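Here the structure is a predicted model, which is why all the values come from computation and not from measurement.
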Amino acid sequence: MKLRVDRDVLAEAVTWTARSVPARPPVPVLAGVRLEAKDASLVLSSFDYEVSAHCEVPADVEEDGVVLVSGRLLADIAKALPSKPVELEVEGTKVTVSCGSSRFSLAAMAADDYPALPVMPGVAGTIDAHDLAQAVSQVSIAASRDETLPLLTSVQMEVEGDSLTLMATDRYRLAVREMTWAPQDSGLSTHALLKARTLSDVAKSLTSSGDVTVALTEAGSATSGLIGFEAGGRRTTSLLTDGDYPPVLRLFPEQTTIHATVGREELIAAVRRVSLVADRSTPIHMSFTEGNLALDAGQSSDDAQASEQLVAHLDGEDIQTAFNPGYLVDGLGALNQPYVRLDFTHPSKPAVLTGMDSIGGEEDPSFRYLIMPIRFGA
């Protein structure tokens, strides 16, 4: 194999392909990235039996060939090379990387032992790359980090025709984002459950493309189904998480009787300031009255204390409640409007956060964030 490729193109392609290469692979070859030179392109691929990546970039190919090299090492080298064309050549059991006056010699791994990448499922539809990235960032914040609960470390994707819904929960908060997309079949009804970390990585890495093609196995077609994403010459697949996602949408109350509206940025800043005196297990207390929101933390006289007042519009009875400040800031940060409306039914019941364009104005129903309160004295 012998070829020449643009340095920036190579660095970006290798970095993207090697992003899922395990640091401690169970099989040595899984630490590699497979390089295949053919026609006028260089095809890079990686696979760890759960997530696969496939990337094709233009290259001046002098000799076709296939080789397997350490993915992380090649990515580090490619990013450090000068801004000049890069030459790759296989010489016996070595892969030579030359760029300007820089020259590296890497050990070639056994390409024949590398597993074949899974075949992409059937195309289900397309979605705008920016919309997907924004939706995933809003929802993934609520996914659990506890790997012993694989269902809750995942994001549930539900499809009904041209409606696509993403949701995630860690039992203490729930984030739901609804959007429209372009399905191949207008009558498509299916769902998929995949790791939030994988989905976030895919969404961030495909933002440079206009549309992302989503490939799905239909619900119930296989216990270990696949989901695939493709855009801009890049393709990735991931195994779906086994199991049935809990019916979390029923947690949203059918109606609420207390509504408080506050400036979003002002509330985020105030919560961060007041929570400086609170540790991870200490809630921040919020007391809503007409025209005012009082925040305080550190109730014990032996501890540091903080309080702050904000202007708030209240529709309904006065209410006092308490939340985990980190969870509250996460939800506020995921909203895109200048105001946030907090809907309550009872101080001990979950509150629902939605974005508002103004006090008494239009709300954005596409994203909802439900947060469980912390009981006083807990």
Problem - Inter- and intrachain pairs under side chain to side chain donor-acceptor pair (under 3.5 Å), touching residues 62-82, at least two apart - result: none

Practice task
Evaluate the side chain to side chain contact (heavy atoms under 4.5 Å, CB included) criterion for residues L44 and V14: first the C-alpha distance (whole Å), next the side-chain angles of each, then the deciding distance (0.1 Å), finally the verdict.
Solution key: CA-CA 7 Å; L44 305 91; V14 176; 3.5 Å; yes

Exercise for the section: Answer yes or no: does atom CD of E50 have more than 12 heavy-atom neighbours from other residues, nucleotides or ligands under 6.0 Å? Expected result: yes

Practice task
Mark yes when over 12 heavy atoms from residues, nucleotides or ligands other than R145 sit less than 6.0 Å from its CZ; otherwise mark no.
Solution key: yes

Can you tell me how far apart [atom1] ([X]) and [atom2] ([Y]) are? Round to the nearest 0.5 Å.
| X | Y | atom1 | atom2 | value |
| --- | --- | --- | --- | --- |
| K349 | I319 | NZ | CD1 | 12.0 Å |
| D315 | I359 | CG | CD1 | 12.0 Å |
| L199 | S137 | CG | OG | 10.5 Å |

Enumerate donor-acceptor pairs with a distance under 3.5 Å from any side-chain N or O in residues 170-179 to protein atoms, sequence neighbours excluded.
{"from": "D170", "atom 1": "OD1", "to": "Y172", "atom 2": "N", "distance (Å)": "3.0"}
{"from": "D170", "atom 1": "OD1", "to": "R173", "atom 2": "N", "distance (Å)": "3.1"}
{"from": "D170", "atom 1": "OD2", "to": "R173", "atom 2": "NE", "distance (Å)": "2.7"}
{"from": "R173", "atom 1": "NH1", "to": "D330", "atom 2": "OD2", "distance (Å)": "3.2"}
{"from": "R173", "atom 1": "NH1", "to": "Y369", "atom 2": "OH", "distance (Å)": "2.9"}
{"from": "R173", "atom 1": "NH2", "to": "I141", "atom 2": "O", "distance (Å)": "2.8"}
{"from": "R177", "atom 1": "NH1", "to": "Q134", "atom 2": "OE1", "distance (Å)": "3.4"}
{"from": "R177", "atom 1": "NH1", "to": "Q138", "atom 2": "OE1", "distance (Å)": "2.6"}

Handout entry: Side-chain (T236) to main-chain (S52) donor-acceptor, under 3.5 angstrom
Key = yes

Practice task
Determine yes or no for a side-chain-to-main-chain donor-acceptor pair under 3.5 angstrom, with R19 supplying the side chain and W16 the backbone.
Solution key: yes

Problem - In one Ile/Leu/Val/Met/Phe/Trp/Tyr side-chain cluster, 4.5 Å: L206, M157 - result: yes

Handout entry: Within one Ile-Leu-Val-Met-Phe-Trp-Tyr cluster: V155 and V136, side-chain cutoff 4.5 Å
Key = yes

Practice task
Apply the side-chain contact (heavy atoms from CB on, under 4.5 Å) test between E308 and each candidate in V271, L267, V274; give the one that qualifies.
Solution key: V274

